[in-house]
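Read the structure below first, then the notes.
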Amino acid sequence: MKRYSVFAIAREGLRYHQGWERAWRSPAPQKRYDTIIIGAGGHGLATAYYLGKNHGIRNVAIIEKGWLGGGNTGRNTTIIRSNYLQDASAAIYEKARSLYETLSQDLNYNVMFSPRGVMMLAQTQHEVRGYKRTVQANLLQGVATEWIEPARVQELVPIISISGPRYPVLGAIWQPRAGTARHDAVAWGYARACSEMGMDIIQNCEVTGIDRDGDRVTGVQTTKGAIACDRMGIVVAGHSGLLAQMAGFRLPVESVALQALVSEPIKPCLDVVVMANTVHGYLSQSDKGEMVIGGGADGFNNYTQRGSFHHVEETVRALVETFPMISRLRMLRQWGGIVDMTGDRSAIISKTPVRGVYINCGWGTGGFKSIPGSGWAMAELMAKGEPGPLAAPFSLTRFREGQFIDESVAAGVAH
Amino acid sequence: MSTRLAQGGRLIDRSRQVSFTFDGKTFRGHPGDTLASALLAGGQVVMGRSFKYHRPRGAVAYGVEEPNALVNLGEEGRFEPDTRATTQEIFDGLVAESQNRWPSLDWDIGAVNSLFARFLPAGFYYKMFIHPRAAWKHLFEPFIRRSAGLGRAPRARDADRYEHFYAHVDVVIAGGGVAGLAAALAAGRSGKRVLLVEQSGHWGGRAVVDGARIDGKEAADWVADAVAALDAMPNVTLRTRAMAAGVYDHGYVLVHERLTDHLADKSGLRQRLWRVRAGRIINAAGALERPLSFAGNDVPGVMLASAMRDYLVNHAISPGDRTVIVTNNDDAYRTALALHEAGLIVPAVLDARPVADGELPERARAAGIRVETGRAVVRVKGRSHVTGVEVGLHVGEGSVLEEIACDAVAMSGGWSPVVHLWSHCGGKLNWDEAQAHFRPDPERPPLGADGTGFVRCVGASNGHLRTGDGIADAVAGAAWATGADAGKAPAGEDADEGALMPVWLMPQGAGVKLRAKMWLDYQNDVKVSDVQLAAREGYESVEHTKRYTTLGMATDQGKLSNINGLAVLSGALNAAIPQVGTTTFRPPYVPYTLGAIAGSAARETFMPLRKTQMDSWHVEQGAEFEPVGLWRRPYSYPRLGETVKDSVAREILNTRKNVGILDASTLGKIIVKGPDAGRFVDMMYTNMMSNLAVGRCRYGLMCNEQGFLVDDGVVARLSEDTWLCHTTSGGADNVHAQMEEWLQTEWWDWQVYTANVTEQWGQIGVVGPNARKVLEKLGGMDVSKETLPFMHWAEGELAGFPVRIFRISFSGELSYEIAVPAGQARGLWDAILAAGAEFGMQPYGTEALHVMRAEKGFIMIGDETDGTVIPQDLGLNWAISKKKDDFIGKRGQQREHMVDPLRWKLVGLETEDGSVLPEGAYAVAPGDNANGQRNVQGRVTSTYHSPTLGRGIAMGLVERGPDRMGEMLEFGAGADPVRAKIVDPVFYDKAGEKQDG
């Protein structure tokens with residue numbers, strides 16, 4: 001694989017870019033692999049990447065129904081942060097965030113991780129107390145956050161109105177090394193690296209059945225034929241329940257559409273990411289200049305990735321109040337992504353009732369930011385057959401034991 | 001150089017002038033002009049700069065699809081970026097400014113990017129800026145951010161107002177061209193309610209420009225008659241400047257209407273968002289012309305052939321003296337003929353097809369216009385303006401046969417139906433090989449709740465590009481939408497057209513150098529070479545190509561570029577176009593303002609504000625408010641010279657010493673009534689509630705299915721079959737919704753009714769040692785300890801007000817909570833204050849309430865609980881019935897982790913030095929966990945300065961806390977951890993002697 005660099009660009013520029021190679025191969029599936037990952041989204045590709053990189057497992061196929069990175073990896077609002085309250089969450093999200101710091105160099109692919117800082121506004125006394133608690137927790141978890149006063153909020157976000165009539169800004173929790181990355185590039189960068197390690201990424205290949213011998217997995221049926229394997233990871237956010245059903249077990253997840261939109265592009269006016277949980281909205285400005293706005297999840301289960309209006313209205317109304325200057329910007333595009341939600345709004349990285357089958361799902365609204373950490377922990381689980389400390393708390397059994405990892409506590413609904 | 005012709009222009013009123021400025025220079029146009037037509041009239045061809053290379057650009061289109069001519073419009077509170085000059089109508093005093101350039105439109109330093117274009121192909125940023133790591137954030141990204149973006153960011157608060165309007169109709173018709181009008185006439189005659197919306201300010205669409213005839217009349221006359229007939233139908237509503245933006249599930253349509261954007265007088269409502277629920281939706285949105293991909297197709301002066309015709313016919317704009325036409329179809333000959341008839345020179349029509357012998361080419365030849373078939377534009381000459389074209393064989397590789405001097409180029413690559421509204425909700429498309437476009441597949445429409453299609457495309461948006469076909473299709477669509485016989489369709493006539501020849505690359509054998517100058521997405525600077533690069537690098541899915549190259553991601557959302565781009569992709573992949581497929585069509589069809597989405601819910605009204613009956617009194621007293629759910633409640637009542645901290649302390653001390661008055665009206669009040677009500681409250685609460693005697697009160701806990709505590713409050717039994725459930729102020733609506741969910745989904749056969757009567761009752765707390773004296777003075781009820789003991793309630797008249805008095809206490813003091821019908825609450829409040837004056841009565845707010853409950857060791861939902869705490873953690877086992885078979889949360893509380901002896905439990909905490917523990921602080925434990933995080937053994941849940949005790953007090957959850965009384969803990973991990981002792985959580989009046997007074 002040719003390395004990407006400014007020199008490579010210059011060389012290719014002189015010959016009209018005729019010499020670039022494929023970023024990833026497009027092979028036909030082999031009859032069998034040691035390991036199959038179902039789902040070539042960020043989490044699936046990251047799992048494969050760390051299986052290869054950390055554990056030397058490279059006889060891997062990553063099977064994708066559509067196009068790689070086409071699920072929630074390609075339709076989120078690109079926020080990366082780790083200011084979580086509970087230890088288990090803080091550990092895995094901080095692992096992810098720290099891997100993001102060097103991901104461009106690790107993958108030789110610029111994923112544009114930009115630690116521009118994320119702030120979560122406190123707009124009620126209750127939120128003030130909640131975020132102060134989070135700051136205290138983060139301090140002990142090794143996550144660098146701080147409580148900032150309204151004047152500092154205004155300084156970091158000149159376009160904010162901190163003295164709104166209903167929900168004045170009372171302060172914020174600020175994570176300076178949180179930020180954003182280019183979502184598609186994360187999937188592409190991992191895909192390129194996986195392909196380079198000899199793994200097969202098989203797109204447009206839908207899994208139609210999971211083969212078992214007793215309680216042990218033996219392979220998958222797909223639209224491109226049967227593929228055998230010893231070990232399988234199911235990493236298909238939004239459709240986890242369907243794949244689990246094929247494997248023969250049930251999951252405590254529901255699929256709902258999460259709404260987002262972008263405005264037309266304008267010159268830079270917002271350098272940080274702002275989340276306002278009281279009013280259910282978050283806002284950042286992409287490198288292209290679009291204001292990227294995330295809203296809530298629809299109140300009903302479904303699998304269509306469509307935008308609906310209810311949440312967009314609610315979110316925009318609140319953000320116009322908090323950032324009055326956006327009123328005259330125009331909505332360019334709105335869409336929905338299907339997230340799977342667990343009872344405690346935290347993920348599942350776990351063994352399953354089927355031997356050889358592992359599942360990674362339930363990231364809810366926290367999927368993109370967790371990709372490298374999730375892949376790291378899932379790869380460790382699949383390679384060793386037992387979870388490491390990052391994955392252990394996220395076991396399926398926690399719902400039976402009541403050992404929840406509830407983040408709705410201080411982080412509001414979206415996290 | 002463009003200019004205004006001396007005659008013609010069907011939309012402009014030459015008798016009047018309109019004056020406006022562009023980049024500080026004054027221009028004049030006429031009413032009926034758009035900003036683009038007026039600038040062209042003034043010779044201003046260059047109107048903007050492209051996104052990436054900052055290339056000079058002119059208007060390439062006439063309508064909403066324009067990607068180039070975007071401007072900053074207006075000033076201060078009416079400033080907005082990225083406005084399409086092609087749709088913005090001019091008015092006196094309009095101020096516009098070009099964007100994405102510095103220092104000026106003519107001299108833009110950013111254009112240096114263009115010199116390096118060769119080194120900035122699609123996705124270049126993924127391959128560079130990787131090292132050194134810190135440089136991305138600090139160097140490269142800020143540079144990219146500054147050179148990207150388009151218009152300026154607004155600064156001021158929006159000076160305008162918006163509203164939402166709700167409409168319910170049988171049929172919505174999107175598009176007021178002749179197809180939409182014909183559909184509306186037919187649907188209107190059926191008597192159904194019809195809403196017809198047109199995005200521009202004018203009816204008739206293309207037919208009136210292209211000179212079609214309908215029912216033997218000029219199209220313009222037929223349109224005028226049709227609009228008059230529709231106006232006369234009471235069941236039909238017509239709106240211009242109203243764009244159907246999106247179709248959602250169940251026939252939901254959003255229409256964005258612009259009311260003052262075209263006026264100098266901005267005093268009225270600016271925009272209205274129609275929220276329409278429609279039985280059927282007819283999409284008559286027409287079709288959009290496609291550019292051709294030849295080198296230099298973005299040079300200012302190159303325009304879509306139809307757009308040039310629009311500017312000429314509607315606004316009498318001459319695009320230049322000499323216009324070369326380049327086409328792959330017959331329609332573009334209409335432009336040649338129109339220019340010729342206006343006295344302008346058409347040096348040649350370059351037709352890529354080997355033969356062009358249809359009616360229109362023949363008419364052009366007859367008019368003396370030179371028609372060259374099998375020819376292509378090899379390259380457009382000129383930088384900021386067209387100076388000529390190089391001509392070659394279309395089947396060739398780009399050898400120049402001839403150079404033609406010209407100052408404008410009209411291009412036509414065929415037409416694509418506008419299928420957005422069809423596709424938003426899942427309608428599928430077929431590739432039409434003959435017309436080289438995607439059109440709706442009638443077999444796969446978006447499906448409504450009844451499983452049938454609820455959207456239909458008609459006319460050009462259904463692929464019927466000829467007037468007659470389109471009108472007939474529209475009338476058939478009206479019959480479908482109304483279920484009525486639509487009658488005979490008006491007969492439309494226009495010139496016969498020969499077959500189009502798909503042309504995706506011009507000339508078809510063009511080499512890399514030419515392909516690097518063929519623009520697909522004008523605004524984002526995506527070229528044919530970029531799409532081919534994406535394909536070569538394996539970004540083969542159309543979505544990958546889009547995202548890698550940014551094709552179709554500009555403000556026109558690919559209206560001009562998508563089909564051309566995916567045709568190039570299919571060529572590069574050697575796959576058929578339908579196999580490559582399209583990207584997803586997302587709402588809105590045309591971007592519209594966030595202000596319109598927010599509607600009238602702005603500023604004070606952006607969310608409902610719930611006020612109690614006493615609100616104005618609180619305001620008069622200068623109360624500091626805090627939001628509690630949608631309510632606002634007084635936080636405290638600082639007096640002149642007092643800080644809020646001072647006033648909270650004063651309120652507490654006065655209440656403990658004399659008597660306080662609290663507006664408790666926001667307290668949730670839910671009536672549960674019916675034969676099965678007792679059984680129901682037993683399920684909702686952990687306590688036994690069915691055996692509560694009438695006249696008695698009981699403190700109760702509500703958990704969720706997982707067993708976690710979610711709400712608490714006092715329940716009173718009002719009568720044999722009626723319970724009154726008090727909830728937290730913020731929780732009332734949720735608790736009520738939960739009750740209804742259980743009743744409607746699980747216990748639908750139980751005879752129970754619930755009613756949230758929170759707002760029907762005012763509630764006033766009279767709290768403190770003098771409380772009874774105040775009530776006795778008011779008179780009317782016996783409130784003695786004997787008649788009305790603690791945890792009892794009584795109904796009666798107090799000072800003439802009908803009331804229920806509850807003997808409950810959240811402060812530990814003697815306390816009466818008095819419920820009174822809301823309309824009389826303020827009257828009673830005033831009466832109590834008057835009576836209380838001599839006993840030292842003062843109001844207190846929520847902060848005093850919180851501190852007093854903490855002094856007493858009472859838990860607060862949201863402080864001691866956070867969704868992970870079960871009642872057993874809080875020492876509330878006494879409130880959990882052991883007799884009941886079941887209650888919500890019981891099973892959850894039996895799980896292994898819930899009965900773990902190491903759970904964190906409620907204790908009191910006292911610092912060594914009397915200071916206040918930090919909010920949310922954690923008690924550290926030795927060592928780190930497996931993830932390298934510091935071990936913890938507890939945390940602070942509530943922490944206050946207690947004025948009563950003169951020291952800090954706190955409550956917290958600590959591992960095995962109640963078994964560790966007297967132990968010291970360290971809180972926080974900083975250099976200065978705070979030490980605190982585990983104590984009983986009841987700090988004040990441990991014996992409970994105060995509550996009876």
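Since we're looking at a predicted model, the values are computed, not measured. So that the names make sense, note that chain A is the first sequence line, chain B the second, and so on, each numbered from 1.
Between A:R129 and B:D863 a salt bridge is recorded (basic side-chain N to carboxylate O distance below 4.0 Å). Salt bridge B:R84/A:E264: present, at least one basic N to carboxylate O contact under 4.0 Å. Between A:R22 and B:E540, at least one side-chain N (NZ, or NE/NH1/NH2) sits under 4.0 Å from a carboxylate O, which counts as a salt bridge. B:R133 has a carboxylate O that lies under 4.0 Å from a charged side-chain N of A:E101, or vice versa, which qualifies the two as a salt bridge.
Of the residues considered (B:I144, B:V628, B:D160), B:D160 shows the highest number of contacts with chain A, using heavy-atom pairs under 4.5 Å. Ranked by heavy-atom pairs under 4.5 Å with chain B, the first of A:E290, A:E314, A:Q18, A:K132 is A:Q18. Chain A forms more heavy-atom pairs under 4.5 Å with one residue of B:F51, B:Y539, B:F129 than with any other, namely B:Y539. Ranked by non-hydrogen atom pairs under 4.5 Å with chain A, the options B:G932, B:G730, B:G862, B:G972 are led by B:G862. Taking A:W335, A:F404, A:W147 one by one and counting their heavy-atom pairs under 4.5 Å with chain B, the maximum is reached by A:F404. Ranked by non-hydrogen atom pairs under 4.5 Å with chain B, the options A:I159, A:L390, A:V320 are led by A:L390. In terms of non-hydrogen atom pairs under 4.5 Å with chain A, the most contact-rich of B:E80, B:R155, B:M128, B:E537 is B:E537. For the options B:E896, B:Q893, B:R586, B:H131, heavy-atom pairs under 4.5 Å to chain A are most numerous at B:R586. No other option in B:P627, B:C425, B:A596 has as many heavy-atom pairs under 4.5 Å with chain A as B:C425.
Summarising the geometry, atom NZ belonging to A:K2 is positioned 10.5 Å from atom NZ belonging to B:K127; distances are rounded to the nearest 0.5 Å. A distance of 16.0 Å separates CD of A:E12 from CZ of B:F124, quoted to the nearest 0.5 Å. Expressed to the nearest 0.5 Å, how far CD of B:Q933 lies from CG of A:L139 amounts to 12.0 Å. Residue B:H897 holds its NE2 atom at 4.0 Å from CD of A:Q403, rounded to the nearest 0.5 Å. To the nearest 0.5 Å, atom CG of residue B:L594 and atom OG1 of residue A:T315 are 11.0 Å apart.
If you measure heavy-atom distances from B:N72 to chain A, you find no contacts under 4.5 Å at all. A:Q285 touches chain B through backbone and side chain together, each having a heavy atom under 4.5 Å away. Using a 4.5 Å cut-off between heavy atoms, B:Q99 does not touch chain A at all. Of the atoms belonging to A:M112, heavy atoms from both backbone and side chain fall under 4.5 Å from chain B. Of the two parts of B:D928, neither the backbone nor the side chain holds a non-hydrogen atom closer than 4.5 Å to a non-hydrogen atom of chain A. Heavy atoms of B:Y252 lying under 4.5 Å from chain A belong exclusively to its side chain. For B:A156, the part lying near chain A is the backbone, with the side chain staying farther off; criterion is any non-hydrogen pair under 4.5 Å.
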Check your understanding: Hey, mind stepping through A:R133 and B:Y922 against side-chain hydrogen bond (donor to acceptor under 3.5 Å, both in side chains) and telling me if it holds?
Key -> CA-CA 8 Å; A:R133 174 181 167 196; B:Y922 279 77; 3.1 Å; yes

Review point. Can B:Q557 and A:R333 be said to form a side-chain hydrogen bond (donor to acceptor under 3.5 Å, both in side chains), step by step?
Key: CA-CA 8 Å; B:Q557 287 284 286; A:R333 187 176 174 88; 2.8 Å; yes

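Remark: the B:T83 side chain and the A:R330 side chain contain an N/O donor-acceptor pair separated by less than 3.5 Å. Counting only N and O atoms by type, the side chains of B:N100 and A:K267 include a donor and acceptor under 3.5 Å apart.
Ring planes of A:W24 and B:H544: perpendicular class, angle over 60° (limits at 30 and 60°). Ring geometry, B:H164 versus A:F309: the interplanar angle falls from 30° to 60°, so the pair is classed tilted.
The backbone N or O of B:R547 lies less than 3.5 Å from no partner atom in the side chain of A:D184, so there is not a single donor-acceptor pair. At least one donor-acceptor pair closer than 3.5 Å links the side chain of B:R118 to the backbone N or O of A:L14. Between the B:R157 side chain and the A:S327 main chain, no donor and acceptor come within less than 3.5 Å of each other.
By the 6.0 Å and 45° rule, B:K137 does not stack over the aromatic ring of A:F113. Geometrically, A:R182 does not engage B:Y126 in a cation-pi contact defined by less than 6.0 Å to the ring centre and at most 45° from the axis.
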